[in-house]
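Inspection log for the structure reproduced underneath, given as structure tokens.
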Protein chains: 2
Amino acid sequence: MSNLSNTYDEILNSAEKLIVSGGYNGFSYADIAAVVGIRKASIHHHFPSKADLARALVARYRANAVTGLAEVESKFSDPLELLKTYAGFWAQCIGDASRPFCVCALLASELPALPPEVAVEVRAYFQHLSGWLTSVIERGDQQGALVISCPARVEAEAFMATVHGAMLSARAYGTPAVFELILEPSLQRLRPR
Amino acid sequence: MSNLSNTYDEILNSAEKLIVSGGYNGFSYADIAAVVGIRKASIHHHFPSKADLARALVARYRANAVTGLAEVESKFSDPLELLKTYAGFWAQCIGDASRPFCVCALLASELPALPPEVAVEVRAYFQHLSGWLTSVIERGDQQGALVISCPARVEAEAFMATVHGAMLSARAYGTPAVFELILEPSLQRLRPR
DNA sequence: CAAAAACTACCAACTAGTAGGTAAGGAACC
DNA sequence: GGTTCCTTACCTACTAGTTGGTAGTTTTTG
């Protein structure tokens, strides 16, 4: 019986918003307390240290990604459709500003300054995502549903990098549309003629 | 008569190192003071506020990029060689850990939390780099020295995004080699057969 | 000398984190 | 049914240390 609006999750939700906009050092217990409507000390009850909070946050984020990707895979079987859906998810998140950046992409950029237990979670996210993309692309290649020009693993790493770089550009320019602009040719290249 | 080891530049140099590892909120005047060997207050003599320091830092970074790209362009005329040199520059920086990340790519990720005057500089860096890449690719296309599959501007944005995303992946995995792994097919695709 | 660049000595605000207390809700026991 | 006991979740009040920034003074230097 998980409560939809329990304090634990509300803390993680507001921390996620804050972290997405300013990174690990860009939020404080005081910030979260103000948003959630409790006192600073009460956050320590749920998350003894800031590193605990961030670790839990990234772990939840990663778990959601794992189930999310699995769900997409159960809905579509065409590999190109899978990649399009993944890219489309972010295009929408960035477009409507509901989730304008990937938590793990942001944290990866400041990885050397992160508590080790958080860094481990971030790395695991990258590994899972790249693994998923590799398997999709590999299958697409075998089925002839995708045209690849280098090993599936490399194609997958390049695709993931393009997605993250496109996020960065969209944020830098302040124009969400540039994300789709960049992704379009990447997807086009994989389409069989 | 610019002094090679004046305090002003030393402050910027150490700030750059610190910012590259932990972002805008990942460094403090105290950190810089410890590295440079002066007192905190002396930094305020050169840079009244932290935003001033960061703005000056990114402005210098951007100016170096502008002259650096112009220099590369005066050494090579082949468009593909130019792109390879740019990518190779970062491959080396990441490989020998001398400059493991682009200051502006990092700051772009936390753009919403940046002082506006810093954000402006970051945006200008992106615009210049993407403009340079566009002109190189456009020329390559006209000369037949490059094979492009979408408008030069789009190709340029995609190339820049790939570079930044590859940086992120190299940092996330902790393996510099992944940067070159990702860039290689991007360059290969542009090569005429 | 005068300007530049450093210094000492502060400050208020904020940082993560701690100590100790209170109120509410069950479960266990008689 | 009432009492005891433990747990959860919050609170107030505090700590030690850090943050960016200021005022005023001394040293260095062209």
query = Does one side chain, of Tyr24(A) or Glu110(B), offer a donor that lies under 3.5 Å from an acceptor on the other?
reply = no

query = How are the rings of His46(A) and Tyr8(A) set relative to one another: parallel (under 30°), tilted (30 to 60°) or perpendicular (over 60°)?
reply = perpendicular

query = Among residues 17-29 of chain B, which residues get a heavy atom nearer than 4.0 Å to DNA chain C?
reply = none

message = Let me confirm one number: the OG1-CD1 distance from Thr162(B) to Ile182(B), rounded to the nearest 0.5 Å.
response = 8.5 Å

Check the interface with nucleotides 1-6 of chain C: list each N/O to N/O pair with the protein under 3.5 Å, or write none.
{"residue": "dA6(C)", "atom": "OP1", "partner": "Thr7(B)", "partner atom": "OG1", "Å": "2.4"}
{"residue": "dA6(C)", "atom": "OP2", "partner": "His46(B)", "partner atom": "NE2", "Å": "2.4"}

Whole-Å distance separating the CD1 atom of Ile32(A) from the P atom of dG17(C) = 11 Å

request  = May I ask you to check if Lys50(B) and Phe27(B) form a cation-pi contact, with NZ or CZ under 6.0 angstrom from the six-membered ring centre and within 45° of the axis?
outcome  = yes

task = Working to the nearest 0.5 Å, report the span between CD1 of Ile38(B) and CD1 of Ile43(B).
result = 5.0 Å

message = Would you say the ring centers of His164(B) and Phe126(B) fall short of 6.0 Å from each other?
response = yes

Taking only nitrogen or oxygen atoms into account, show me every contact under 3.5 Å that the protein makes with nucleotides 23-28 of chain D, one pair per line with its distance.
none

ask   = Separation of Lys40(A) atom NZ from dC14(D) atom P, in whole Å?
value = 13 Å

ask   = Is there a donor on the side chain of Lys50(B) or the base of dG21(D) sitting less than 3.5 Å from an acceptor on the other?
value = no

inquiry  = Less than 3.5 Å apart, any donor N or O on the side chain of Gln142(B) or Glu138(B) sitting next to an acceptor on the other?
reply    = no

key: Within 6.0 Å of CD in Gln92(A), more than 12 heavy atoms from elsewhere   = no

ask   = Between Glu81(B) and Tyr86(B), is a side chain to side chain donor-acceptor pair (under 3.5 Å) present by the stated rule, with each step listed?
value = CA-CA 9 Å; Glu81(B) 209 59 42; Tyr86(B) 167 66; over 6 Å; no

request  = Rounded off to whole Å, could you give me the CD1-to-C1' distance for the Ile43(A) and dT15(C) pair?
outcome  = 13 Å

key: Salt bridge present between Arg189(A) and Glu184(A) (N-O < 4.0 angstrom)   = no

